[in-house]
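Working notes for the structure below.
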Amino acid sequence: MLEGKAPRGQLGPYPLERLKRVDKPTTYIGPNVQRVSEYDAGFLKAGRGEYGPRLKAEASRFVSKEPVAAAMSQMLRGLRELELVPVYSTLAPIPKDAGAQSRHVKALGYFLRADCIGICELPQYAVYAADREDRPVELDHKYAIVFLIDQGWRTFNGGLGSDWISAGQSMKSYSTSGFIATVVANYIRRLGYEAEPHFSGHYKVLMPPLVLLSGLGEMSRFGGAILNPFLGPRFKASAVTTNLPLEPDKPIDFGLRHYCKVCKKCARECPSQSISYSDEMIIYNDHETYELDVKGCTRMRVGNPAGASCGRCIKVCPWNKPYEGIHKLVEWTLERVSLSHRFSVWMDDLLGYGRQNIEDKWWYDLEEVEGIFQVPEKVGAVVKSSPLARKKEVLAVEEDDTE
Ligand code: SF4
Ligand code: SF4
């Protein structure tokens, strides 16, 4: 007799089970969404010199110039090179019920310390048309299991979001989510089902639509990024695509569409002024999203002279809170009462959320230059002037980059 059933009720650290589920995402996705290529990602364009020689040089070091990020990035490279076990030719004697399988793989993911997990069917538009090297990608798996990993609230609280630990925060979630996806894919392959892991530098799929469809978030103002009700935008995602029979989750509605419309704090605080202030989303590639100046954001992340990468928009978002104490009640209220949204944004500023709390700063600001660590001249890029004046400063930097 095969024992070992995943328990009923909440499996992970956050109560995903109590969220309002809807049949379709709260932002429009049409029937004509075209597949995109990872080759066209901003970081890769910068690395090929399409944004000027300064960013081409910075693209090879903007993560590894800071020692915490460099250490994790090295780990991630090892994961990418790991060979997957061949799919076993005989199916393991496990239950065939898709609901039981879904709870089982989620329980495994939480055992491996994922923060949130969801499942969706894999639409073909979420499969990249071409990879980082511009090679065509094909993938016909039926399902995607999506894992979110928190980048750490306390570290965001101790920093500016655009300083020297910024790339380290991303790398922490990229490497942990990559580890989980690789273990889960290798486990499923041992059970006799096809499975592939997708994580930073090793994606065949585009993560935002999968996070959206698997009920782990809604579309946010920072163009194309998905925001989770418990982690806010403070996560990175990985996935396992598979043919193991699974039961998809439904998308969620926690009121973010209206919240982002009235908030705009990320647009106000973005050092490169790349985020839209518009009240309305646009239709891009047959889906709704807010416009984002991808080139401006890439320029800031790759070429930030005052830090390693940038996540200032994540730092200042009012949904970037620890899920504890009073914040649980606030989150519960925001989900249900849209009239509370404006008040919440106002209170967020009034109470000083989004500022640096130096007591939580645990890392050293260090920059590697030609093999030697030194104390950098600048720490953190923030908007010091009005958004309009800031945009002019940004345009001046752009001219430098094209010389
Ligand atoms: S430049 Fe920084 S704050 Fe602005 S969108 Fe990019 S990551 Fe966010
Ligand atoms: S800062 Fe405000 S507008 Fe921007 S993503 Fe967060 S909630 Fe939306």
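Every number for a ligand or one of its atoms is a count from 1 in the order of the listing.
Within the protein, the N, O or S atoms lying under 2.8 Å from atom 6 (Fe) of ligand 1 are Cys297 SG.
Between Phe43 and Phe62, the angle of the ring planes stays under 30°, which puts this pair in the parallel group of the 30/60° scheme. Between His287 and Tyr284, the ring-plane angle classifies as perpendicular under the 30° and 60° cut-offs.
Below 4.0 Å from some heavy atom of Pro318 lie the following atoms of ligand 2, by number and element: 1 (S), 2 (Fe). Close approach to Cys317 involves these atoms of ligand 2, each under 4.0 Å from a residue heavy atom: 1 (S), 6 (Fe), 7 (S). For ligand 2 and Cys266, the ligand atoms under 4.0 Å from any heavy atom of the residue are 1 (S), 3 (S), 4 (Fe), 5 (S). Ligand 2 places these atoms under 4.0 Å from at least one heavy atom of Tyr259: 7 (S). Heavy-atom proximity to Arg221, at under 4.0 Å, picks out these atoms of ligand 2: 3 (S), 4 (Fe), 5 (S). Using a 4.0 Å cut-off to heavy atoms of Cys263, the atoms of ligand 2 that qualify are 1 (S), 2 (Fe), 3 (S), 7 (S).
Less than 6.0 angstrom separates the ring centroid of Tyr14 from the ring centroid of Tyr323. Aromatic rings of Tyr187 and His104 (six-membered ring for Trp) have centroids within the 6.0 Å cut-off, being under it.
The cationic group of Arg336 lies under 6.0 Å from the six-membered ring centre of Trp332 and within 45° of the ring axis, placing it in a cation-pi geometry.
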Exercise. When you look at Asp279 and Lys264, which way does the salt bridge (charged side-chain N to carboxylate O under 4.0 Å, His left out) test go after all the steps?
Worked result: CA-CA 9 Å; Asp279 282 345; Lys264 306 183 183 178; 2.6 Å; yes
Could you pull out every donor-acceptor pair under 3.5 Å between side chains of residues 230-239 and any protein atom, sequence neighbours left out?
residue	atom	partner	partner atom	Å
Arg234	NE	Asp150	OD1	2.7
Arg234	NH1	Asn320	OD1	2.8
Arg234	NH1	Lys321	O	3.2
Arg234	NH2	Asp150	OD1	3.4
Arg234	NH2	Asp150	OD2	3.0
Ser238	OG	Ser177	O	2.8

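In the displayed structure, Phe111 atom CZ is contacted under 6.0 Å by at most 12 heavy atoms of other residues, nucleotides or ligands. Few gaps surround CZ on Arg21; more than 12 heavy atoms of other groups in view lie less than 6.0 Å from it.
Under the ring-ring contact (aromatic ring centres under 6.0 Å, His included) test applied with His341, the options Trp319, Tyr259, Phe254 reduce to a single match, Tyr259.
The nearest protein atom to atom 3 (S) of ligand 2, hydrogens excluded, is given as Lys264 N, 3.3 Å; this is a heavy-atom distance. When hydrogens are left out, the protein atom nearest atom 8 (Fe) of ligand 2 is Cys260 SG, 2.3 Å; that is the closest non-hydrogen contact.
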